[in-house]
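Below is one structure, written out as structure tokens, with a few remarks after it.
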2 protein chains.
Amino acid sequence: MAKKAEQRRQQILKAAFEAVAAKGYDSVTLQDIADYAEVSKGVTNYYFKNKVDVFSHLLEWITTRIYEKEAASIELKETALEKLEAYINQVFVSPEENKTFYSVYLDYLSQMKHQERYRQINQQFYENCWSIGREIITQGLEEGVFHVEDVEQAAISIRSMIDGTLIQWLMSQDDGRHASYKSHCHQSVLRLLQASS
Amino acid sequence: MAKKAEQRRQQILKAAFEAVAAKGYDSVTLQDIADYAEVSKGVTNYYFKNKVDVFSHLLEWITTRIYEKEAASIELKETALEKLEAYINQVFVSPEENKTFYSVYLDYLSQMKHQERYRQINQQFYENCWSIGREIITQGLEEGVFHVEDVEQAAISIRSMIDGTLIQWLMSQDDGRHASYKSHCHQSVLRLLQASS
DNA sequence: CATTTTATACTGACTGGTCAAATTATTCTA
DNA sequence: TAGAATAATTTGACCAGTCAGTATAAAATG
């Protein structure tokens with residue numbers, strides 16, 4: 001039955017995610033995935049063409065999930081400023097919850113140089129992120145709270161600031177400073193969008 | 001002779017760098033390094049304790065080199081605005097020259113989760129970067145061209161913007177848009193430092 | 001000729017992927 | 001509906017290949 005098969009695939013992806021989070025992209029073996037999924041080794045090859053296929057689907061899952069959560073976070077907010085705050089809050093949601101996600105995502109970033117498929121998936125992710133940025137900026141311009149000339153460029157800048165802050169956050173080890181990175185990022189993005197120069 | 005030995009070690013590090021740039025961190029073998037250095041496999045193990053030792057020294061070399069070039073680029077400039085521009089110019093110096101460097105650096109970023117030694121080296125690198133930022137900001141404040149409350153925070157923000165832009169640049173494939181990422185980053189950082197909000 | 005340096009063969013561990021056999025689920029038939 | 005027949009799924013042993021690290025022999029050096 002197709003439903004059962006889809007469930008198995010999800011189970012394997014979840015296992016792969018946990019394995020990568022724990023051991024890092026390049027040291028995860030098919031056996032690891034099988035162990036985390038509590039199935040035998042052959043199963044992975046039964047539901048996926050090969051290892052890269054598993055990891056491609058995993059990247060798709062991760063980026064889609066990140067985007068959906070970000071998109072959902074701004075949905076209910078009214079003003080551009082509220083949306084922006086909700087957006088940043090969602091990115092830095094909590095050490096336990098998000099650190100793992102972005103840390104696995106970072107593993108993929110370095111693989112993109114050599115895996116065209118990963119790059120494509122990431123490109124889609126970027127475009128999704130940029131569209132969130134555009135939405136917030138455009139609304140802010142209408143409300144008169146932001147002042148930017150080039151919406152496209154500003155959207156890219158927002159993502160740059162988020163990515164850059166995320167990396168320093170991931171490297172910082174110190175979970176206590178988690179909140180400071182968030183407000184930090186928020187203030188910087190506000191400066192980017194509100195500067196009148 | 002100590003001099004000869006040091007030369008050999010440099011030769012091996014250079015080979016390792018080329019190998020990682022070409023094949024990616026996790027698929028480089030000791031044999032690859034030997035091949036790029038045009039020596040036999042035994043040499044690498046003679047001059048370095050093991051593979052991680054080679055790669056640790058390589059990361060140290062890369063981050064030191066990036067920092068030195070950045071520090072040198074602002075040395076000769078007079079004003080804070082000139083220094084800032086020179087700094088950003090140095091980061092986005094040219095696709096051929098720097099893309100490889102940062103692309104290898106990105107490979108390391110994802111390894112830091114599991115290699116304490118790498119994290120330490122990177123921490124030193126960050127502190128060097130922050131110190132460059134601080135220097136530029138402090139001078140800009142004195143000259144009255146920048147307006148920020150917290151110098152430390154602003155320095156971190158600059159690096160966030162640079163790192164974030166670098167990543168999107170590395171992923172963009174399109175070398176033609178290289179210049180636009182540079183001016184892009186420059187304008188954003190200016191906005192961060194000059195905003196009067 | 002003694003020491004340092006380089007080359008090479010080897011080992012033991014591990015990997016991704018294959019596959020035939022075992023197991024389980026589903027369908028068919030009498 | 002019992003039970004055989006068929007299909008789908010799961011298992012784990014296996015293979016061919018790769019790797020880091022070691023041991024040792026050979027060569028260079030001074």
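Fair warning: this is a prediction, and the values are worked out from it, not measured in the lab. In the text below, chain A, chain B and the rest are named by the order of the sequence lines, each starting its count at 1.
- Applying the ring pair (Phe, Tyr, Trp, His ring centres under 6.0 Å) rule to A:F101 yields the partners A:F17; only residues at least two apart in sequence or on another chain are considered.
- For residues 14-31 of chain B, the set of pairs meeting the side-chain hydrogen bond (donor to acceptor under 3.5 Å, both in side chains) definition, not counting sequence neighbours, comprises A:Q111-B:D26, B:K14-B:E18, B:K23-B:D32, B:Y25-B:Y118, B:T29-B:D32, B:Q31-B:D35.
- The NZ atom of B:K51 sits 8 Å away from the C1' atom of D:dC19 (whole-angstrom rounding).
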Every protein N/O lying under 3.5 Å from an N/O of nucleotides 9-12 of chain C:
none

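- As a whole-Å value, the separation of A:K4 NZ from C:dT26 C1' is 12 Å.
- A heavy-atom distance below 4.5 Å is not found between the side chains of B:F92 and B:K99.
- D:dT9 atom P lies 13 Å from atom CD of A:Q7, rounded to whole Å.
- Note on A:F48: nothing from the nucleic acid sits closer than 4.0 angstrom, heavy atoms only.
- Within the nucleic acid shown, B:V43 comes within 4.0 Å of sugar-phosphate atoms alone, with no base atom in reach, counting heavy atoms only.
- Look at CZ on A:R9: it is 15 Å from C1' on D:dT9, rounded to the nearest Å.
- One can place OH of B:Y46 at 13 Å from P of C:dT3, the figure rounded to the nearest angstrom.
- Listed by residue number, the members of residues 25-39 of chain A with any heavy atom below 4.0 angstrom from DNA chain C are A:V28, A:T29, A:L30.
- By the side-chain contact (heavy atoms from CB on, under 4.5 Å) test, B:S40 pairs with B:V43, sequence neighbours left out.
- Under the side-chain contact (heavy atoms from CB on, under 4.5 Å) criterion, B:E116 pairs with B:R119, B:Q120, sequence neighbours left out.
- For the pair A:E6 CD and D:dT9 C1', the computed distance is 16 Å after rounding to whole Å.
- Every side-chain contact (heavy atoms from CB on, under 4.5 Å) that A:A71 has, sequence neighbours left out, goes to A:Y67, A:I132.
- Rounded to an integer number of Å, the gap from B:R8 CZ to D:dA28 P is 13 Å.
- Between the CG atom of A:N45 and the P atom of C:dG16 there is a distance of 10 Å, rounded to whole Å.
- The side-chain heavy atoms of A:L170 and B:L109, taken from C-beta on, include no pair separated by under 4.5 Å.
- For A:K83, the side-chain contact (heavy atoms from CB on, under 4.5 Å) test picks out A:I74, A:K77, A:E135, A:I136, A:Q139, with sequence neighbours left out.
- For the salt bridge (Lys or Arg N to Asp or Glu O under 4.0 Å) condition, the pairs that include at least one residue of residues 49-69 of chain A, sequence neighbours left out, are A:E60-A:R117, A:K69-A:E97.
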